[in-house]
Undergrad: 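Below: one structure in structure tokens.
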Amino acid sequence: MEKEIIAKQFMKGFDCSQVVLERYAEKLGITPEMANRIGAGFGGGMGKGETCGAVTGAMIALGMKYGHCQEEHMEQKDVMNVKRDEFLEAFLKEYPACSCKGLLKYDISKPEEMQKILDEGLLFDFCPQVVADVMKILDDMI
């Protein structure tokens, strides 16, 4: 997905985690509405600048695809761990951190720093690129 389309989703009020999950909703067996609900609490590093919503959206998608869910299928946990590590390795080749604070160099939870993020255009330029790159990684995994 192109970063311009992602930026338009942001302008409509959707967060990075929602955009990531909605892209894979059909493949994961959920509706776009459900994908957006699941991802709703993770944008902006859970609103605190912690783990980037695109990364948490990816982890949710990977969990839905590869996660274990029954006691007698614990070998699936190993599969999930490999997929998680594969994703994180690929992501960290492109970016220095998984947190919004580490990626943006500002704390999104502080109004004055959020203003800097907006003033510098990071929210509608840099963040959509991060989401697009996350999707490129996931395209080969989901």
Side-chain angles (χ1 to χ4, degrees), residues 1-110 113-142:
M1 182 179 287
E2 294 178 20
K3 75 178 196 176
E4 293 78 17
I5 295 169
I6 296 164
K8 286 180 183 177
Q9 290 296 97
F10 287 0
M11 287 180 212
K12 292 177 184 176
F14 292 101
D15 293 322
C16 38
S17 52
Q18 292 172 300
V19 175
V20 169
L21 283 172
E22 186 176 343
R23 176 180 175 109
Y24 301 101
E26 185 176 333
K27 287 183 178 182
L28 297 170
I30 60 174
T31 65
E33 179 183 274
M34 184 60 66
N36 283 316
R37 286 177 183 233
I38 292 168
F42 297 96
M46 294 172 275
K48 300 296 181 192
E50 298 302 329
T51 304
C52 167
V55 173
T56 55
M59 289 299 131
I60 294 167
L62 290 171
M64 291 181 74
K65 175 79 174 176
Y66 300 105
H68 65 290
C69 61
Q70 295 179 359
E71 194 175 320
E72 60 272 8
H73 297 121
M74 281 299 138
E75 69 278 357
Q76 192 62 34
K77 187 172 185 173
D78 294 332
V79 172
M80 177 61 214
N81 290 341
V82 167
K83 294 298 182 181
R84 179 193 58 222
D85 293 347
E86 180 183 330
F87 171 83
L88 290 172
E89 182 180 332
F91 183 83
L92 291 170
K93 280 183 183 177
E94 297 294 321
Y95 295 99
C98 289
S99 70
C100 293
K101 291 175 190 174
L103 293 166
L104 295 167
K105 309 296 186 224
Y106 296 110
D107 186 341
I108 201 166
S109 70
K110 296 179 180 175
E113 292 192 36
M114 181 60 185
Q115 190 58 52
K116 289 178 184 177
I117 292 167
L118 293 171
D119 292 345
E120 292 182 24
L122 296 171
L123 189 64
F124 296 108
D125 184 46
F126 178 76
C127 291
Q129 186 61 57
V130 173
V131 171
D133 289 341
V134 163
M135 289 177 178
K136 285 179 193 170
I137 297 167
L138 286 179
D139 283 346
D140 293 332
M141 299 181 77
I142 294 183

Undergrad: Distance from Cys100 atom SG to Met46 atom CE, nearest 0.5 Å?
TA: 8.5 Å
Undergrad: State, to 0.1 Å, how close Met141 and Leu62 come at their nearest heavy-atom pair, and which atoms those are.
TA: CE-CD2, 4.0 Å
Undergrad: Only pairs under 3.5 Å count here: list side-chain donor-acceptor contacts from residues 127-137, not counting sequence neighbours, and write none if there are none.
TA:
residue : atom : partner : partner atom : Å
Gln129  : NE2  : Asp133  : OD1          : 3.0
Asp133  : OD2  : Tyr95   : OH           : 2.4

Undergrad: Go through the side-chain N and O atoms of Asp15 and Ser17 and say whether any donor and acceptor fall under 3.5 Å apart.
TA: no
Undergrad: Rounded to the nearest 0.5 Å, how far apart are CG of Leu28 and CD1 of Ile60?
TA: 10.5 Å
Undergrad: Between Asp125 and Lys3, is a salt bridge (Lys or Arg N to Asp or Glu O under 4.0 Å) present by the stated rule, with each step listed?
TA: CA-CA 7 Å; Asp125 184 46; Lys3 75 178 196 176; 2.6 Å; yes
Undergrad: Check Ser109 against Gly47 and note the closest heavy-atom contact, atom names and distance.
TA: CB-O, 3.4 Å
Undergrad: Is there a donor-acceptor contact under 3.5 Å from the side chain of Lys105 to the main chain of Gly102?
TA: yes
Undergrad: Mind listing the closest non-hydrogen atom pair of Ser99 and Gly49 along with its distance?
TA: CB-O, 3.8 Å
Undergrad: Are Asp139 and Tyr24 close enough that a side-chain donor and a side-chain acceptor fall under 3.5 Å?
TA: yes
Undergrad: Does the side chain of His73 pick up a donor-acceptor pair with the side chain of Gln76 at under 3.5 Å?
TA: no
Undergrad: Quick check on side-chain hydrogen bond (donor to acceptor under 3.5 Å, both in side chains): which of Glu113, Lys101, Gln115, Glu120 does Tyr106 satisfy it with?
TA: Glu120
Undergrad: If you take all heavy atoms of Ile117 and Leu104, which pair is closest and at what distance?
TA: CD1-CD1, 3.8 Å
Undergrad: Given side-chain contact (heavy atoms from CB on, under 4.5 Å), test Val79 with Glu75 step by step and report yes or no.
TA: CA-CA 7 Å; Val79 172; Glu75 69 278 357; over 6 Å; no
Undergrad: How long is the gap from NZ on Lys12 to CD on Gln18, to the nearest 0.5 Å?
TA: 12.5 Å
Undergrad: Heavy-atom count around Glu86 CD within 6.0 Å, excluding the residue itself: above 12?
TA: yes
Undergrad: What verdict does the side-chain contact (heavy atoms from CB on, under 4.5 Å) test give for Val19 and Phe10, after you've listed the backbone C-alpha separation in whole Å, the side-chain angles of each residue and the deciding distance to 0.1 Å?
TA: CA-CA 8 Å; Val19 175; Phe10 287 0; 4.0 Å; yes
Undergrad: Kindly indicate, with the supporting measurements, whether the criterion side-chain contact (heavy atoms from CB on, under 4.5 Å) is fulfilled by Val55 and Phe87.
TA: CA-CA 9 Å; Val55 173; Phe87 171 83; 4.1 Å; yes
Undergrad: Testing the basics here: between Leu103 and Ala97, what is the closest heavy-atom pair and its distance to 0.1 Å?
TA: CD2-O, 3.2 Å
Undergrad: Drop me the distance from Lys8's NZ to Glu4's CD, to the nearest 0.5 angstrom.
TA: 8.5 Å
Undergrad: State the OG1-CE distance between Thr51 and Met59, to the nearest 0.5 angstrom.
TA: 9.5 Å
Undergrad: Work out which heavy atom in Tyr66 is nearest to a heavy atom in Met80; give both atom names and the distance.
TA: O-CB, 3.8 Å
Undergrad: Measure the spacing between CG of Leu122 and CE of Met114 and express it to the nearest 0.5 Å.
TA: 9.5 Å
Undergrad: Only one of Thr31, Asn36, Ile30 passes side chain to side chain contact (heavy atoms under 4.5 Å, CB included) with Glu33; say which it is.
TA: Thr31
